Every structure is written in C-alpha cells, then in structure tokens.
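Heads up: the structure comes next, in structure tokens.
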Amino acid sequence: MLDMKFIRDHLDEAEQRLATRGGEPCLAGFRQLDERRRSLLIESETLKAQKNSVSEEISKVKDKSRVADKIAEMKTVSARIKTLDDELKTVEDELQHLLLTIPNLPHHSTPIGRSEADNVVVRSWGEPPSFSFEPKNHWEIGEQLGILDFERAAKITGARFALSKGAGARLERALISFMLDLHTTEHGYTEVLPPFMVNRASMTATGQLPKFEEDLFKLVDPDFLLIPTAEVPVTNIHRDEILKRSELPISYTAYTPCFRREAGSYGKDTRGLIRQHQFNKVELVKFVHPAESEAELEQLTGHAERVLQSLELPYRVVALCSGDIGFSACKTYDLEVWLPGQNAYREISSCSSFGDFQARRGSIRFRDDDKSKPEFVHTLNGSGLAVGRTLVAILENCQRADGSVVIPKALRPYMGGLENITTP
RNA sequence: GGAGAGAUGGCCGAGUAGGUCGAAGGCGCUCGCCUGCUAAGCGAGUAUACUGGGAAACCGGUAUCGAGGGUUCGAAUCCCUCUCUCUCCGCCA
C-alpha cells in the first residue's frame with residue numbers, strides 16, 4: 001500500500017511512476033474520495049466534540065429534568081453523527097479498497113521497460129555444459145530413472161501435480177535440508193516452519209489479496225487460503241508489531257510447500273515439474289531498516305546465488321524491468337538457471353525488495369530509539385531456492401549419456417553418500 | 001465435539017448497581033538528582049492512528065479497554081454476534 005499522504009501531495013508523480021508498469025492509470029478517483037473523507041471526518045468530529053462536552057455538563061447536573069432540552073438536542077446531534085459516520089465508513093471502505101489495489105511504485109533503480117524483453121541481464125555465473133549427446137528433458141530422465149511419476153500424480157489428484165519416488169524423493173528432501181543448513185549456518189538466517197494456510201489479513205498484508213484471489217487455493221469452511229509462497233506466513237510473523245531498532249535486520253528462512261492455481265497459464269509448461277499446482281520452496285525473508293534495504297537486496301540475492309554456486313549450476317541474474325516486477329515489489333532480481341533440456345535459462349528464484357509497501361499493509365514497524373515515532377520497516381524476500389526447479393536443473397545439467405545423473409558433491413552427504421542416480 | 005473461564009496500555013494488574021477513565025497501582029523503560037562504584041532511593045516523563053492549526057517546536061480535536069453491531073444525552077462497564085486464549089472431558093497424528 002502506498003502512503004496516502006504521499007499520493008495526496010504527489011498525485012502526478014505517483015501516477016507517472018505507476019505508468020511505467022504499464023496497465024491502466026489507477027489513481028483516478030483518489031482525490032475525490034480523499035477530500036470527501038476529510039470533510040465528513042471534520043464535520044463528524046466537530047459534532048462529537050460538542051456531544052462530549054455537553055454530556056459532561058449533563059453528568060454534573062443531578063436533576064436531569066433541568067437539562068431535558070440539552071438531552072433532546074444531543075439526541076439530534078447523535079443521529080446526525082450516525083448518518084455522517086455511515087457515509088464516512090462507505091467512503092473509507094472505497095478508499096481503502098482503492099489503495100489496496102494500487103501496486104507499489106517501482107524503485108528508481110528498476111529499469112524502465114514494458115515486458116520481459118526489457119529485463120536486464122546483470123551477470124552470469126558458470127558455463128552451460130556441453131554434451132556429446134542430445135540432452136533430454138528432466139521428465140524423460142526422471143521417468144526413465146523411476147524417480148518421477150506424473151501419470152500416477154494425475155490419477156491421485158490431477159494435472160500439474162507430481163509424485164517423486166526413491167532417490168528423487170530423497171533428492172528433494174536433501175535439497176531442502178541443504179538449503180536450510182546453508183542459510184542458517186552461513187548466512188545468519190533463523191529457520192522457521194510456519195503454517196501452510198493463512199487467513200485473509202495475512203494474504204492482504206503481503207499483497208496477494210484483494211487483487212489476486214483467483215491465483216489462490218481456498219478452503220471452504222474456515223475461510224483460510226493455502227500459501228502460494230512462504231513469504232506470506234513468514235512476513236506476517238511481525239504483522240501489527242513495533243520492533244526495536246536493535247532487532248533489525250531480522251532474517252528468516254523457511255521451507256514450505258507452495259500452492260498456486262496457475263490460472264491463466266494454460267498451455268505453458270504443461271509437461272514436467274516447471275509449473276505445478278504444488279511445489280516445494282525454501283524462502284528467505286528479511287525485515288530491515290529502510291536505509292539498508294538496497295544493500296540487503298544485493299546480499300539476499302547473493303545468498304540465493306550461493307545455492308546455485310554450491311550445486312555448480314550455471315545461472316544468470318536478471319534485473320526485472322518496471323513492466324515485469326510483481327504487484328508488491330519495487331525492485332526484483334530473478335535468478336535464471338540454465339536448463340539444457342529446454343536450451344534456455346529459466347527462473348529458479350525471484351528476489352525482491354518491497355520497500356515499505358507490505359509493512360504499511362501489515363503495520364510492521366520499528367522504533368529508531370525509545371523517543372522516536374514508529375516507522376515502517378522494509379521487507380524483502382527471495383527464493384533460496386525453488387526446490388522442484390532445482391531438481392529439474394540437476395537432472396538436466398548432470399545427466400549422462402547412459403541416462404544416469406551425477407549428484408552434485410554438496411548434496412552427497414544428504415544422500416547417504418550416493419554419487420549417481422542410475423536406472424534400477 | 002461437550003462443559004466452563006477469560007480477553008484492559010511494553011508487561012503485570014485494578015476498575016462492572018453506565019457519567020468527568022486513555023483508563024488506579026506496580027514492573028519495565030527514558031531523563032534528571034543523589035551516593036567512591038554498583039545496588040537502593042528521590043523527582044519527572046513514558047500508547048497508537050486519523051485529523052485541524054503551525055515553517056517547526058508544539059498546541060487542539062476525534063477514535064481506540066479482543067473485533068463488529070445495538071441500547072443511552074453518555075459504555076471498559078448493559079445487550080447481541082463473531083474471533084482468539086485457557087481449563088476439564090471426549091477424540092486424534
């Protein structure tokens with residue numbers, strides 16, 4: 001959510017910066033609602049002040065019959081207040097809804113652009129491997145090795161679900177442990193294991209609601225939603241809190257499954273593990289001082305990169321342009337891993353700074369010292385990494401002509417020393 | 001699922017025959033004083049949001065005692081609904 005006072009004072013600038021995202025202008029109607037709200041508020045509050053002081057006078061008089069006229073007058077005033085407050089509530093609801101559907105302002109360092117094509121490659125790491133044979137897709141490799149079973153997953157649930165078995169299941173578990181261990185022991189993150197379903201307030205704070213409800217899986221009876229990313233429960237750990245300056249930065253890492261409807265992506269990545277309704281992910285989440293958020297984003301991105309480097313998987317870092325960053329983000333780096341089966345780099349991590357956008361929605365604040373006013377923290381998060389896609393990258397990059405797959409050295413301790421996955 | 005109890009400021013905890021309560025008291029914290037140091041002691045201060053005025057310091061108004069409605073001139077206190085927490089029983093990984 002943007003700062004209402006900022007929009008009030010910089011309407012044109014805000015609209016211009018939002019325009020770099022593409023899409024419709026979204027601030028139309030703001031000024032009118034805002035002015036209406038304030039005029040209602042002033043009238044209502046003036047009457048309330050009057051009512052309060054007269055009520056106090058009444059309280060001092062023992063014989064109420066002597067103030068019958070005042071009581072009658074206040075009855076009218078109360079009725080008027082009620083009318084004003086009803087309208088005020090309507091206006092505030094509309095204003096609130098408007099504010100909740102306006103995306104974040106792109107950071108000044110975010111490249112301006114209209115689409116994916118305008119993203120900027122910042123750096124690359126590693127060399128795509130060369131093969132003396134035609135490299136296969138991960139689903140071919142996985143099915144041949146008997147570690148991935150899409151047919152049975154479809155029987156159990158439906159399309160876009162996967163069943164991993166044997167060394168495949170173990171490899172996923174190994175990746176999760178490996179990533180969590182790396183982030184906790186070397187990067188200073190605290191491991192958390194949050195709920196996988198959350199309430200609407202949490203989804204609203206991080207920005208999935210109210211605009212993107214169709215992307216979420218919902219429960220029917222308690223009105224809970226399955227998390228599309230650990231960002232949601234983990235960022236909400238500190239919703240409605242005032243932190244101490246000395247506590248910042250707070251760094252959490254969490255493994256969770258993620259549930260996404262993938263509405264509107266029909267026909268994209270229909271085969272394999274790339275786009276699933278449920279996938280595993282290890283997430284990094286930070287709460288930082290506003291002055292440090294830019295540096296923290298670089299660091300956090302580096303932490304995600306470390307996973308790929310440790311696994312010796314070639315990747316590149318891409319700065320998303322204004323037209324391609326997410327609703328809540330002001331700046332995003334995507335990590336794209338090389339996939340020989342697709343002969344392309346594909347997203348495996350997305351690291352973003354949200355500025356105070358989520359903090360304002362979720363009222364996550366800190367106090368610089370005991371005397372100062374609370375300020376909003378900045379929140380950041382990034383995948384560290386998407387586990388399913390990491391498995392894809394390993395299968396495709398580490399495949400050999402005979403169909404077997406070499407397990408990256410860093411993972412072998414987590415695989416009971418296993419060095420290769422071979423056909424049974 | 002059944003029965004009961006409760007939700008007050010950073011924390012603990014008063015306050016329910018409705019009236020001057022943003023809310024006693026204590027703890028904590030901040031500043032000052034005092035004392036070789038520390039502890040103890042003394043004094044002052046210590047919520048948030050919105051809003052009006054002001055360049056600002058700051059001054060004023062409104063709201064907030066789990067959330068939302070209602071009764072009333074007036075509600076932390078009365079009524080209704082919801083949420084959450086705790087205890088006991090049942091069930092269960």
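Quantities reported herein were computed from a predicted structural model and do not represent experimental measurements. Chain letters run A, B, ... following the sequence lines, proteins first and then strands; every chain starts at 1.
Applying the Watson-Crick and G-U wobble criteria (two distances, each under 3.5 Å), B/U77 pairs with nothing in any strand. Of all nucleotides present, none satisfies the Watson-Crick or G-U wobble test against B/G54 with each distance under 3.5 Å. Pairing for B/U85 goes to B/A5, judged as Watson-Crick or G-U wobble with the two contacts each under 3.5 Å. Remark: B/U35 base-pairs with no nucleotide; criterion is Watson-Crick or G-U wobble with both hydrogen-bond distances under 3.5 Å. Summarising the base pairing, B/U72 is matched to no nucleotide, lacking a Watson-Crick or G-U wobble pair whose two defining distances lie under 3.5 Å. Across the strands present, B/G25 finds its partner in B/C12; the criterion is a Watson-Crick or G-U wobble pair with both atom distances under 3.5 angstrom. Across all strands shown, B/U64 pairs with B/A47; the Watson-Crick or G-U wobble distances both stay below 3.5 Å. Remark: B/A17 base-pairs with no nucleotide; criterion is Watson-Crick or G-U wobble with both hydrogen-bond distances under 3.5 Å.
Neither OP1 nor OP2 of B/C73 sits under 4.0 Å from any side-chain N or O of A/S59. Between A/R38 and B/G52 there is a side-chain polar atom (N or O) within less than 4.0 angstrom of OP1 or OP2. OP1 or OP2 of B/U51 lies within a sub-4.0 Å distance of a side-chain N or O belonging to A/R37. Residue A/R200 has no polar side-chain atom (N or O) positioned under 4.0 Å from OP1 or OP2 of B/U83. A close approach under 4.0 Å does occur between a side-chain nitrogen or oxygen of A/N52 and OP1 or OP2 of B/A63. Contact between the side-chain N/O atoms of A/R365 and the OP1/OP2 oxygens of B/A49 is found at a separation under 4.0 Å.
Across the C1' atoms, B/G90 and B/G6 are found 23 Å apart, a figure rounded to whole Å. Comparing B/G10 with B/G19, their C1' atoms are spaced 30 Å from each other, to the whole Å. Annotation: B/G45 and B/U83 have their C1' atoms spaced 36 Å apart (nearest Å). B/G9 and B/U48 have their P atoms separated by 14 Å, with the value rounded to a whole Å. Separation of the C1' atoms belonging to B/C78 and B/A24 is 23 Å when rounded to the nearest angstrom. Taking the C1' atoms as reference points, B/C11 lies 36 Å from B/C92, given to the whole Å. Annotation: B/A63 and B/A7 have their P atoms spaced 24 Å apart (nearest Å). Taking atom C1' on both nucleotides, B/A47 is separated from B/C42 by 26 Å, rounded to a whole Å.
Listed by first and then second residue, the side-chain hydrogen bond (donor to acceptor under 3.5 Å, both in side chains) pairs involving residues 155-172 of chain A are A/E172-A/N280 (not counting sequence neighbours).
For the pair A/N199 CG and B/A67 P, the computed distance is 16 Å after rounding to whole Å. Distance A/L41 CG to B/G61 C1': 10 Å, rounded to the nearest Å. In this structure, A/L88 atom CG and B/G61 atom P are separated by 20 Å, rounded to whole Å. Put simply, CD1 on A/I81 is 13 Å from P on B/C73, counting in whole angstrom units. Summarising the geometry, the separation between CE on A/M1 and P on B/A49 is reported as 13 Å, rounded to the nearest angstrom. Rounded to whole Å, atom P of B/A49 lies 15 Å from atom CD of A/Q96. We find that CG of A/L40 is positioned 18 Å from P of B/C50, with the value rounded to whole Å. The distance from atom CG of A/D240 to atom C1' of B/C84 is 14 Å, rounded to the nearest whole Å.
In this structure, the side chain of A/S349 engages the main chain of A/S383 through a donor-acceptor pair within 3.5 Å. Not a single donor-acceptor pair under 3.5 Å links the side chain of A/S404 to the backbone N or O of A/R400. No donor-acceptor pair under 3.5 Å is formed between the side chain of A/R21 and the backbone N or O of A/P106.
By the 4.0 Å N-to-carboxylate-O rule, A/R245 lies close enough to A/D368 to be salt-bridged with it. Ionic pairing of A/E213 and A/K218 is present here: one or more N-O contacts between side-chain nitrogen and carboxylate oxygen are shorter than 4.0 angstrom.
The closest side-chain heavy-atom distance from A/N119 to A/D334 is not below 4.5 Å.
Taking for each of A/P374 and A/M74 the nucleotide of RNA chain B with the nearest heavy atom, the 5'-most of the two is the partner of A/P374. Positionally, the nearest nucleotide of RNA chain B for A/E56 lies more toward the 5' end than for the other of A/D34 and A/E56.
In summary, of the residues considered (A/H378, A/R239, A/E231), a side-chain hydrogen bond (donor to acceptor under 3.5 Å, both in side chains) with A/Q358 occurs for A/E231 alone. In summary, of the residues considered (A/T256, A/T229, A/T390), a side-chain hydrogen bond (donor to acceptor under 3.5 Å, both in side chains) with A/K281 occurs for A/T229 alone.
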Grab the N/O contacts between the protein and nucleotides 68-72 of chain B below 3.5 Å, and write none if there aren't any.
| from | atom 1 | to | atom 2 | distance (Å) |
| --- | --- | --- | --- | --- |
| B/G70 | OP1 | A/K82 | NZ | 3.2 |

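Within the 4.0 angstrom heavy-atom criterion, only backbone atoms of the sugar-phosphate kind lie near A/K5; the bases stay farther away. Contacts of A/R360 with the nucleic acid, taken as non-hydrogen atoms under 4.0 Å apart, are absent. Nucleic acid contact class of A/I58 (heavy atoms, under 4.0 Å, all strands): base. Within 4.0 Å (heavy atoms only), A/K48 reaches sugar-phosphate atoms of the nucleic acid but no base atom.
More than 12 heavy atoms of other shown residues, nucleotides or ligands fall within 6.0 angstrom of atom CZ in A/R8. The number of heavy-atom neighbours closer than 6.0 Å to NZ of A/K211, taken from other residues, nucleotides and ligands shown, is above 12.
Across B/G74, B/U62, B/U48, the shortest atom-to-atom separation from the side chain of A/K51 is found for B/G74. Proximity note for A/E45 (side chain, C-beta onward) versus B/G74, B/C50, B/U48: the nearest is B/C50.
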